[in-house]
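Here is the structure we will look at, set down as structure tokens.
For the numbers below, each heavy atom of this structure counts, side chains included, while hydrogens, waters and symmetry mates do not. In what follows, chains are A, B, ... by sequence order, proteins preceding strands, each numbered from 1.
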2 protein chains.
Amino acid sequence: MKLKEFAKQVGLSPTTVSRALSGYPEVSETTRARVAEAAARLGYSPNVNAVRLKTGRAGAIGVVMGRAGEFHFAEFMAGMAERLVAEETDILVIPMADPNHEDEMQLYRRLVESRRVDAIIVHSPKPNDERIALLHELGMPFLVHGRSAIDVPHAWLDIDNEAAIKRATSHLIDLGHRRIAMINGRSGATYALHRDSGFRKALQSHGIEPDPQLMASGNFTDELGFRFARSFLEQPNPPTAFVAGSMMTALGVYRAVRSLGMQIGRDVSVIAHDDVFPYLTADNMVPSLSATRSSMRAAGTRCADLVLQLLSGRSPLEIHELWPVELILRESTGPARPSRS
Amino acid sequence: MKLKEFAKQVGLSPTTVSRALSGYPEVSETTRARVAEAAARLGYSPNVNAVRLKTGRAGAIGVVMGRAGEFHFAEFMAGMAERLVAEETDILVIPMADPNHEDEMQLYRRLVESRRVDAIIVHSPKPNDERIALLHELGMPFLVHGRSAIDVPHAWLDIDNEAAIKRATSHLIDLGHRRIAMINGRSGATYALHRDSGFRKALQSHGIEPDPQLMASGNFTDELGFRFARSFLEQPNPPTAFVAGSMMTALGVYRAVRSLGMQIGRDVSVIAHDDVFPYLTADNMVPSLSATRSSMRAAGTRCADLVLQLLSGRSPLEIHELWPVELILRESTGPARPSRS
DNA sequence: GCAAATAACCAAACCGTTTTCAATTTTAGA
DNA sequence: TCTAAAATTGAAAACGGTTTGGTTATTTGC
């Protein structure tokens with residue numbers, strides 16, 4: 001049903017009906033109620049494309065989805081959804097083909113130019129992220145989930161990866177560990193650098209030299225967790241503790257440790273970063289997993305919130321949130337034992 | 001930049017430019033090339049909202065996201081993305097508030113009425129799913145991922161859950177297992193019923209009466225896998241084998257078995273359903289997990305494909321795909337051992 | 001009681017495309 | 001060379017709303 005038709009049914013002009021539905025003040029309460037009732041009864045709702053064309057608002061927030069299809073993604077989106085459900089805003093998932101460089105820039109450019117979205121959320125930025133420069137240049141509102149060192153004003157929300165990993169590592173050192181391995185996320189993204197930096201700082205502040213032989217990075221998979229952990233543990237001078245980048249990585253590490261007949265929490269300590277998934281909890285692992293914890297879902301919710309603020313005029317310069325990360329100690333960490341070698 | 005302006009720059013009418021860009025035949029190759037070049041150079045691309053209004057096509061496929069934020073979701077979406085990246089179609093994620101009944105119907109109704117999407121993908125349908133009836137009634141093209149027994153014509157793609165679980169269960173029986181437990185997905189959805197039915201049929205065809213004490217259902221989480229498995233194993237007459245609904249469930253089952261000092265594949269056999277995740281593979285579990293396997297990502301890709309076919313006029317009645325499910329035997333299954341009780 | 005202010009409503013212009021219908025140019029046929 | 005047909009191009013009318021700038025009752029102030 002179209003506005004014109006609907007307006008005729010209600011016995012008002014399209015103008016008044018439109019205003020009544022959008023909550024403009026210059027329409028009487030009686031009329032508004034009548035219109036609202038009729039809309040519900042006749043099932044009228046405005047053609048969203050016409051509204052968008054006229055108002056210039058797209059009513060959607062864009063999220064570019066990389067090919068990896070990371071498991072974090074669903075949680076983040078669920079969080080966004082939680083915030084946006086009441087809003088008239090939906091989430092547009094933009095498929096990205098390859099992490100091919102030019103293509104990606106082109107994709108963002110087209111995305112902006114086509115006016116499909118009012119704002120964009122950029123994930124896993126790099127320290128000098130061209131996407132940020134581009135979006136800024138094109139004047140598209142955007143929020144960075146993560147951080148970038150780029151010298152362009154932008155809104156961001158990030159967790160304090162450096163502090164988290166530094167604290168986790170320090171704790172392991174306090175427990176007496178000296179050979180500590182680090183399985184990081186894919187290198188390139190700022191968060192991986194921050195974690196790396198937190199790791200190094202903790203070691204160095206205790207006079208321990210980071211050993212490149214005990215540091216690896218890659219996708220957050222069970223498989224890589226296993227492989228790296230296993231290869232580290234088979235070295236002549238194996239680590240007694242692990243800092244793992246994700247829950248999946250931790251699963252792999254657990255497996256590797258077990259496969260060598262060692263015991264987590266006794267022979268080898270593990271701390272992982274936990275994004276808080278409903279389907280796999282650190283508490284339930286055996287032994288329960290000590291973790292730096294920050295809810296990915298909460299981040300999604302807050303990011304959606306901040307984007308809405310951005311769209312209602314708040315300056316990106318005011319929007320910088322650095323979330324502290326909890327360290328939850330459980331059974332996977334324990335005092336270092338004298339080396340068995 | 002707007003069409004009018006752009007057309008002026010190129011020295012052509014908006015009409016011709018529009019045609020050139022949309023690939024209509026009645027424009028000369030020379031002109032088309034010139035327009036394309038200019039568009040690339042000046043960075044013109046049509047305002048998507050105007051196009052949508054005019055053509056009536058939304059250029060988006062809707063996917064309603066439940067609150068649960070399941071881990072399957074990301075894989076499915078990544079699969080869709082793979083197919084849609086070349087297309088001019090994007091994915092609209094519609095947040096759903098509560099699984100509240102009326103609200104959900106209202107949501108679908110508004111979604112259709114607002115013309116935001118050209119088609120909708122319905123997940124985890126129930127045998128008599130009202131969403132299907134509603135979408136059919138409203139004339140919105142849709143594809144069901146899963147199956148429904150409802151008497152309304154509709155396109156669907158599903159995996160053969162019944163056959164898969166039947167085969168898995170039969171295999172366990174062939175191995176000599178008689179006390180077999182089943183940890184299913186949340187009851188209500190058709191797939192859970194199908195799995196239940198496959199399970200029962202396998203048992204009954206071997207003259208075994210299904211024991212309700214060994215059957216549970218709930219979300220696909222590690223935690224529930226553990227709890228159910230543990231409680232089953234502590235019964236007086238414990239199962240010697242498990243059929244688990246998901247990889248996460250399997251993790252929980254493994255944990256439960258270990259926690260009781262038993263060994264997977266020897267004391268207790270496990271077969272789970274594996275949707276094939278890049279970050280957690282059945283092959284890598286210890287011991288490696290026997291599984292019924294079907295790629296969720298591939299399903300996403302194919303669903304996107306089918307929806308596109310639907311949109312280009314193919315009849316929903318022709319679109320029924322039932323995918324067979326592989327059974328991959330690994331180390332988690334072995335012959336039943338004489339009960340220790 | 002009357003001018004001025006206010007409230008409530010409406011006609012028409014406009015958002016940026018696509019597409020119908022018509023005009024013009026080019027090519028083919030005789 | 002001339003005409004009919006085919007190939008290109010354009011002008012203008014939609015698409016379905018919102019919003020500007022009135023217009024017409026209804027109050028308010030003095």
Side-chain angles (χ1 to χ4, degrees), chain A residues 1-39 42-60 88-89 110-118 311, chain B residues 1-36 38-39 42-60 88-90 110-118 311:
Chain A
M1 165 136 40
K2 318 182 178 190
L3 172 58
K4 217 163 151 185
E5 192 186 337
F6 174 64
K8 196 168 288 174
Q9 296 257 347
V10 194
L12 285 169
S13 75
T15 309
T16 306
V17 169
S18 169
R19 283 182 169 140
L21 290 176
S22 327
Y24 276 57
E26 57 265 68
V27 54
S28 77
E29 266 321 314
T30 335
T31 311
R32 185 190 311 288
R34 187 152 57 98
V35 172
E37 180 276 325
L42 302 173
Y44 169 75
S45 91
N47 179 315
V48 115
N49 294 316
V51 175
R52 287 174 178 177
L53 172 57
K54 182 59 195 178
T55 62
R57 269 173 258 126
E88 288 280 295
T89 305
R110 271 219 312 277
L111 181 56
V112 171
E113 192 72 33
S114 69
R115 316 216 155 275
R116 265 189 295 224
V117 295
D118 294 319
L311 288 178
Chain B
M1 165 135 43
K2 317 178 180 193
L3 172 59
K4 219 164 153 184
E5 192 187 337
F6 174 64
K8 196 168 288 174
Q9 298 255 348
V10 194
L12 285 168
S13 75
T15 309
T16 306
V17 169
S18 169
R19 283 179 173 144
L21 291 175
S22 325
Y24 275 58
E26 58 264 69
V27 55
S28 77
E29 266 320 313
T30 336
T31 311
R32 186 192 309 288
R34 187 153 58 98
V35 172
L42 302 173
Y44 168 76
S45 89
N47 179 314
V48 115
N49 294 317
V51 175
R52 288 173 177 177
L53 171 56
K54 184 56 198 180
T55 63
R57 270 173 257 127
E88 289 280 295
T89 305
D90 26 47
R110 270 218 313 277
L111 181 57
V112 171
E113 193 71 36
S114 71
R115 315 218 154 272
R116 266 190 295 224
V117 295
D118 294 319
L311 290 178

Check for a donor-acceptor pair, side chain of S114(A) on one end and backbone N or O of R110(A) on the other, with a separation under 3.5 Å.
yes
Would you check if the side chain of R19(B) reaches a backbone N or O of E26(B) as a donor-acceptor pair within less than 3.5 Å? no
L53(A) atom CG is separated from dT18(C) atom C1', nearest whole Å, by 12 Å
Of dT17(C), dT19(D), dT18(D), the nucleotide closest to the side chain of L3(B) is dT17(C)
Rounded to whole Å, the NZ-C1' distance (K8(B) to dG10(D)) equals 14 Å
note: F6(A), atom CZ; dG16(D), atom C1'; distance rounded to Å ~ 14 Å
Closest to the side chain of L12(B), out of dG10(D), dG16(C), dT17(C), is dG10(D)
When rounded to whole Å, the CD to P distance for the pair E5(A) and dC15(D) reads 13 Å
In whole angstroms, the gap separating C1' of dA7(C) from CZ of R32(A) amounts to 13 Å
To the nearest angstrom, the NZ-P distance between K54(B) and dA14(D) comes to 9 Å
Q. Side chain of S22(B), backbone of S18(B): donor and acceptor closer than 3.5 Å?
A. yes
Between the CG atom in N49(B) and the OG1 atom in T55(A), the distance rounded to the nearest 0.5 Å is 8.0 Å
Between R52(B) and D90(B), does at least one N-O distance fall below 4.0 Å, as a salt bridge requires? yes
Rounded to the nearest 0.5 angstrom, the OH-NZ distance for Y44(A) and K2(A) is 11.0 Å
Original post:
Would you call E29(B) and R32(B) a salt bridge, using N to O less than 4.0 angstrom?
Top reply: yes
Here the distance between atom P of dC15(C) and atom CG of N47(B), to the nearest Å, is 12 Å
Between CZ of R116(A) and C1' of dT17(C) the distance, given in whole Å, is 16 Å
By nearest-nucleotide position on DNA chain D, the 5'-leaning member of T31(B) and A50(B) is T31(B)
Here the residues of residues 14-29 of chain A within 4.0 Å heavy-atom distance, strictly under, of DNA chain D are T15(A), S18(A), R19(A), Y24(A)
